[in-house]
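What follows is a set of notes on a single structure, which appears directly below.
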Amino acid sequence: MSAAPLLEVQGLAKRFRGLQAVDGVSFAVPRGGIVALIGPNGAGKTTTFNLIAGVIVPDSGSVRLDGVDITGLRPDQACRAGIGRTFQLVKPFAGLSVLQNVMVGALRATSDMGAAREASWAILERLGLADKAESAASSLTLAERKRLETARALATRPKILLLDEVMAGLRPTEIDQMVRAFADLARETGVAILLTEHVMRAVMALSHHIIVLHHGQKICEGTPEEVARDPQVLECYLGHAPAAGGT
Amino acid sequence: MLFLNIIVAGLLTGAVYGLMALGLSVIFGVIRVVNFAHGEMMVLAMYGAYVANAATGLDPLLTLPLVTLALFLFGYALQRGLINRYIARPEHEQFLLLLAVATIITASLLMGFGPDARNVQLDYAYDSYQVGGVLLDKVRVLAAGGAVVGAAALWGFFRFTRTGKAIRACADNQVGAQVVGLDVKRLYAVTFGLGAACVGAAGCLMLLLVDVQPYIATDYTLLAFIIVILGGLGSMPGALLGGILVGVSEAVSGFVIEPSFKSAFSFALLILVLLVRPQGLLGRA
Amino acid sequence: MSGLSPRGAAALGLFLAAMLVLPLFANAYIVSVLVVVLFAAYFGQSWNIMTGFTGQLSLGHALYVGLGAYTAAALFVHWGLLPWVGMIAGMAVAAVAGGLIAALSFRFRVGGVYFALLTIAFSEFTRILFGHFKWVGATEGLFLPVSNLTHDDPLRLRGSPTMFYYLLLAMSLAVLGLSHLLLNRRIGYYWQAIRENEEAAASLGINVFRCKVLAMALSAALTAAGGGFLAFYDNNLYPDTAFAIGRSIEIITAPIIGGLGTLFGPILGAFLLTTLGETMTSLTSGLEIAGLKQWLYGAALLAIVALQPAGLWPWLRRLLRLEERRR
């Protein structure tokens, strides 16, 4: 890991009609790092994602990726700058095949159809979707759709992958599979991962570093062990809601 | 003074336009289907009033309740039997469906009455009132009055009746309405019926002012679109405001520039509003 | 999208061969009907790029037919420009118009039904405007000189219906080939991604705005080329027919019936609807009942949308196994 972080979020803030959704949040994701953004519902996790990915423009604060200021870019520009993201509510291209879905992402990096097809196959194999490549995206199960979201984002060759609750609704065995796939992915390709997740089992197993948000503010960060011991976190988050799967 | 007369005439005609467009707005606001057969239903109502007049000699204002009821039933049956199956389908399929319905309505009228223009003879057709120097045509005053009564009745229905409130709940949150046990299918059918009833009444009133022939249906459909988008698709006061705006703008541009330009002016107004305020003048953002 | 199966390729070959030799055997009436079919297929295919591939419902494509027709015809009448040159000029005019309408709409976030109604508004506005445009004859109409040539002159677009038939067939095949090509390139993937989900498309680095404007400009330009050709086939132009909303509706009916967004849907729909219309005409011609033909036509539309709402081509290709099956 080099000294300068890959993603650097400084004092990010966004207000919606009187509600301070994100309130001066700062954190960093190192190269190849896996960082989790956790917190109770309404803590501002998805808003933070949307601020980073350019879906909404922050009121103040900045986002830097690989030394480049990407604050306030449009989603497509953010993607081209190196941000790959999934959606909490999956948005597959239902009328296209699974392979075509991923190729749309792969075509960000190359205009050669053959190259895009090959790259997409490799990603589908990595995420265990290769045998579904020719199926219509609309025929996939929820778990498969979540993997398809990830595959599509990954195909754009991002520097960092933003995963918004990709484990929600999955069975424990499926979660373990996904955790392994992501850990391998980060190790082998060097892509950094920023994830939000309610499934604590996955968060604890996967992340190197955890940031806890509450009411739009960062209340704590550290290694999984540190965060799990933090009294403030236990109080506001884990204390009230014993997480599924346990820690 | 002549100019003021023209504005007032446009205003009164606009009220009838407003009632017609109100039907389109209600249907879209609740069912989220654009009724591409709206003008055809309007013309159907005009022929209904024409037939009633030809058979009995009764004033369209007197047969209005009957025609309105007939259109309500037509709309109710159409939604229940046909359109309801398409409410979750893509826009272009809904478009094709209603295009087919529109084609059949126009063709039926053509088969029944031929392409010639028809009208009703009223003994007060040329009467007028003089109010403070402004000349008001009696037919326009009656038509506008009827339109206002019709719109008020619809407003009262949505405001005070159980069914009306249920429909509003349905428009706000369809799934929620189903959860609390509302019969959404029936409510949709009632809504479409009400939308059709609006054009039923508007058609009778319009027949006081203009001739009817099968082919003018498309013009009314377009007119209704312009009005509801001006006022805000789904907004009831917006439809009335839009109707009056278009009525006045047609009258004024027809007078100041030339008659053939009057709808160009409305379209220009529509384009402007869509680009500056896509949700319409009174629509919710 | 997916390729043709051997059966499908054979069927396409047979179909093409039939189209090529038909005029040698058919009488003038059949050729004139086939020209109508090809116009419907050509316009439908052009419109399909905007609505079928990119998912933006345009209900005002008559605008581009009219612009193409008037540009080519006026340049010929006033300045003696060759029809083909005029058609290229018309394509440019329509591309600019379509691009502008799309840019205005999408910049202001006008979408869905609102966009559809906006396209009608622009088309109708232009129709009324051309009714006052003296240089192109206003409501009096614009007429192309009819010369009694004994031979076909494809360069000047003067000649027999059979010549128009073959030229139009070539144009239709060209636009079919272009559609196929684009659909299997990056831009085609991007268009379809936008059709399926704009937000997801943007998150994958697609400049949604630019792709939609491009689709509209291209669709408009192709439509206008057909419009220019139509002007030289009809030899007369009136604003009320060139820009008619009825024409916009005709343009979109064939591809929807055939199967929106598919390659062969527009052709299939064009054949079906034209044949249907002609059959209705001949069935009802002896009866002299005004409206009967339209009534039957409407009933047929209703039957198709009730039975095969996704269009006939997807159904037919399953039935006859014309495309390679996906696993």
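In what follows, every chain begins at residue 1, and chains take the letters A, B, ... in the order their sequences are listed.
- The heavy-atom pair separating C/Asn207 from A/Arg74 by the smallest distance is ND2-NH2, 3.4 Å.
- With A/Lys91 as the partner, the side-chain contact (heavy atoms from CB on, under 4.5 Å) test is satisfied by one option alone out of C/Glu196, C/Glu198, C/Glu199: C/Glu199.
- Side-chain atoms of A/Val104 and C/Ile206, non-hydrogen and from C-beta on, do get closer than 4.5 Å to each other.
- Of the two parts of A/Thr86, neither the backbone nor the side chain holds a non-hydrogen atom closer than 4.5 Å to a non-hydrogen atom of chain C.
- Taking a 6.0 Å sphere around NZ of A/Lys218, one finds it holds more than 12 heavy atoms contributed by other residues, nucleotides or ligands.
- Looking at A/Ser111, the atoms closer than 4.5 Å to chain C (heavy atoms on both sides) sit in the backbone and in the side chain alike.
- With rounding to the nearest 0.5 Å, the separation of CD in C/Gln192 from CG in A/Asn101 is 10.5 Å.
- Nearest approach of C/Asn184 to A/Met113, heavy atoms of both residues: O-CE, 3.3 Å.
- Taking each heavy atom of C/Gly205 and A/Cys79 in turn, the nearest pair found is N-SG, 3.2 Å.
- Counting all heavy atoms, side chain and backbone alike, C/Ser203 lies closest to A/Phe87 at OG-CE1, 3.6 Å.
- Across every non-hydrogen atom of C/Leu204 and A/Phe93, the tightest pair is CD1-CE1, 3.7 Å.
- Looking at heavy atoms from C-beta onward, C/Tyr189 lies in side-chain contact with A/Met103 at the 4.5 angstrom threshold.
- For A/Arg157, no part lies near chain C; criterion is any non-hydrogen pair under 4.5 Å.
- For the pair A/Thr110 and C/Arg186, the tightest heavy-atom approach, listed with the atom from each and the gap, is O-NH1, 3.6 Å.
- With a 4.5 angstrom heavy-atom cutoff, A/Ala94 touches chain C via backbone and side-chain atoms both.
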